[in-house]
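Just the heavy atoms: all of them, side chains too, but no hydrogens, waters or symmetry mates, feed the values below.
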Amino acid sequence: MFLPAGSQDETGVLISNRLKASETFRQVVEKRNFKAISTPVVEYANTFTNEIAGMDLQNMLKWFNHEGEIEVLRPDWTAAVARAIAKQHPSFQKWSYQGSIFRNDKDGIESRQAGIEIVHADQFLGESECLLTAVQYLNTLNIDQYVIELGHTGIFETIIAPYSLKEAQEENLRIAMHDKRSDLVEQIVEEEGLLAIKDQLIQLIDAYGSKEILSTYHDLWHDQAELLKILNHLEQLIHLLEQTGETEVIVDLGRVKNLPYYDGIMFRGFLTSGGFYLLFWRKI
């Protein structure tokens, strides 16, 4: 019998490794006082396609229920957890989850995720806790050859804020920035008459590297208070990581969000050999 594309069986070592990673995550977040939460595998599509979540229905595994409403297999944890914790007392700030998500726009229809959400907390403290939890988890798994990349959604948004772009125009520009398509960025800003920020956006695509790049942009943005505030914020987080012994930190000032609910700091972790993602987090 064959399996649908993107599905696979698991045996032996694959199962053992997955269970080890899962149990290690549970132990780490439990020690850091995260409260476990689980959401149903089947949800209403609107949980993920509403204006705030902004996900594409086309990429979900879906069907009509007997009442004519669209149901889906859970395509994302964050939106599902946000729905669930909206009913919880605001004193509960730290949440953790593990389980499968289902999307047909990835190599595998089913993928497993483990993650944390922090709500009703000071911005810097919440970001710091997320970073330190990720570092502790990787270290507990004896993974030490990795690099952390930091970015911020506010840079792109601050630059385009003075211009009254229509939603579709802004989204096209955001996608071009996300894909690092300098040719497409140039085409869009010229068509929209945004020549004043053309060079700045194109330069941002390559604004990627060690923390020293922040000094360069401190000089370039010396008269732009909002952008300087973001640079200072990134520097604070890098200093925090360095205080814990993490020196492999890079910055991508040109990163943009690809879902509406992303806001503020974004970080990713990569294995230094192979470049595989280890973790991916966005502040919401």
Side-chain angles (χ1 to χ4, degrees), residues 1-26 28-30 34-88 92 94-119 130 133-134 137 171 174-175 178-179 257-263 266-269 276-284:
M1 297 291 290
F2 295 102
L3 287 171
S7 298
Q8 65 175 6
D9 296 314
E10 288 184 326
T11 60
V13 174
L14 283 176
I15 296 175
S16 296
N17 289 342
R18 176 168 59 79
L19 292 177
K20 177 184 177 182
S22 176
E23 177 59 17
T24 301
F25 176 80
R26 187 195 66 78
V28 167
V29 295
E30 187 176 81
F34 284 86
K35 186 173 183 178
I37 188 169
S38 182
T39 65
V41 174
V42 176
E43 296 250 16
Y44 286 121
N46 186 56
T47 298
F48 309 97
T49 60
N50 63 70
E51 184 176 330
I52 296 174
M55 297 183 69
D56 189 349
L57 181 64
Q58 180 179 346
N59 298 326
M60 302 179 195
L61 278 68
K62 53 194 175 291
W63 60 88
F64 286 100
N65 66 14
H66 65 280
E67 296 173 341
E69 297 185 81
I70 303 176
E71 296 177 344
V72 297
L73 293 182
R74 179 180 55 224
D76 175 72
W77 267 104
T78 297
V81 170
R83 174 198 54 72
I85 65 178
K87 306 171 187 176
Q88 301 291 327
F92 297 131
K94 300 170 68 173
W95 300 89
S96 67
Y97 55 85
Q98 295 192 65
S100 294
I101 63 168
F102 303 86
R103 303 267 295 276
N104 60 21
D105 61 338
K106 298 181 179 293
D107 291 338
I109 289 175
E110 179 182 6
S111 58
R112 294 183 175 86
Q113 292 185 350
I116 55 176
E117 307 288 348
I118 301 177
V119 296
C130 285
T133 300
Y137 176 55
E171 184 62 17
R174 189 187 308 279
I175 291 171
H178 180 271
D179 295 340
K257 64 185 182 182
N258 58 349
L259 281 176
Y261 65 76
Y262 295 175
D263 177 51
M266 300 179 287
F267 77 73
R268 296 187 286 189
F276 297 108
Y277 286 125
L278 289 170
L279 48 91
F280 183 55
W281 177 78
R282 301 82 39 183
K283 177 179 168 290
I284 62 168

Could you give the distance from [atom1] ([X]) to [atom2] ([Y]), rounded to the nearest 0.5 Å?
X: I37; Y: W95; atom1: CD1; atom2: CH2; value: 5.0 Å
X: L14; Y: Q8; atom1: CG; atom2: CD; value: 7.0 Å
X: I101; Y: L73; atom1: CD1; atom2: CG; value: 11.5 Å
X: I109; Y: R103; atom1: CD1; atom2: CZ; value: 12.5 Å

- Query: At their closest point, which heavy atom of L61 faces which heavy atom of N104, and how far apart are they?
  - Reply: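 So the minimum-distance heavy-atom pair works out to CD1-N, 3.9 Å.
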- Shortest non-hydrogen contact from G68 toward F64: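 Shortest heavy-atom contact: O-CD2, 3.4 Å.
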- I52 atom CD1, neighbour heavy-atom count above 12 within 6.0 Å: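 Atom CD1 in I52 is not crowded, with 12 or fewer foreign heavy atoms closer than 6.0 Å.
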- If you look only at pairs with a residue in residues 61-74, which of them pass as a side chain to side chain donor-acceptor pair (under 3.5 Å), with sequence neighbours excluded?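 Pairs touching residues 61-74 that pass the test: T39-R74, W63-E71, N65-E71.
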State, yes or no, whether a side-chain contact exists between [X] and [Y] at a heavy-atom distance under 4.5 Å.
X: V28; Y: F34; value: no
X: Q98; Y: R112; value: no
X: N59; Y: P75; value: no
X: T78; Y: E117; value: yes

- Query: For T24, what residues pass the side-chain hydrogen bond (donor to acceptor under 3.5 Å, both in side chains) criterion, not counting sequence neighbours?
  - Reply: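 Not a single residue meets the side-chain hydrogen bond (donor to acceptor under 3.5 Å, both in side chains) criterion with T24.
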- Message: Under the salt bridge (Lys or Arg N to Asp or Glu O under 4.0 Å) definition, can you give me all pairs with a residue in residues 13-25, not counting sequence neighbours?
- Response: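 Listed by first then second residue: E10-R18, E23-R26.
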- Show your working on side chain to side chain contact (heavy atoms under 4.5 Å, CB included) between M60 and I70 and close with a plain yes or no. CA-CA 11 Å; M60 302 179 195; I70 303 176; over 6 Å; no
- Message: Suppose we screen for ring pair (Phe, Tyr, Trp, His ring centres under 6.0 Å). Which residues come up paired with Y97, at least two apart in sequence or across chains?
- Response: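 So Y97 forms a ring pair (Phe, Tyr, Trp, His ring centres under 6.0 Å) with W77.
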- Message: My understanding is that only residues two or more places apart in sequence, or in another chain, count here; which of them pass ring pair (Phe, Tyr, Trp, His ring centres under 6.0 Å) with Y137?
- Response: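 Expected list: F25.
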Please list, one pair per line, the donor and acceptor atoms closer than 3.5 Å that link side chains of residues 41-48 to other protein atoms, with sequence neighbours excluded.
unit_1	atom_1	unit_2	atom_2	d
E43	OE1	R83	NE	2.9
E43	OE2	R83	NE	3.4
E43	OE2	R83	NH2	2.9
T47	OG1	Y44	O	3.4

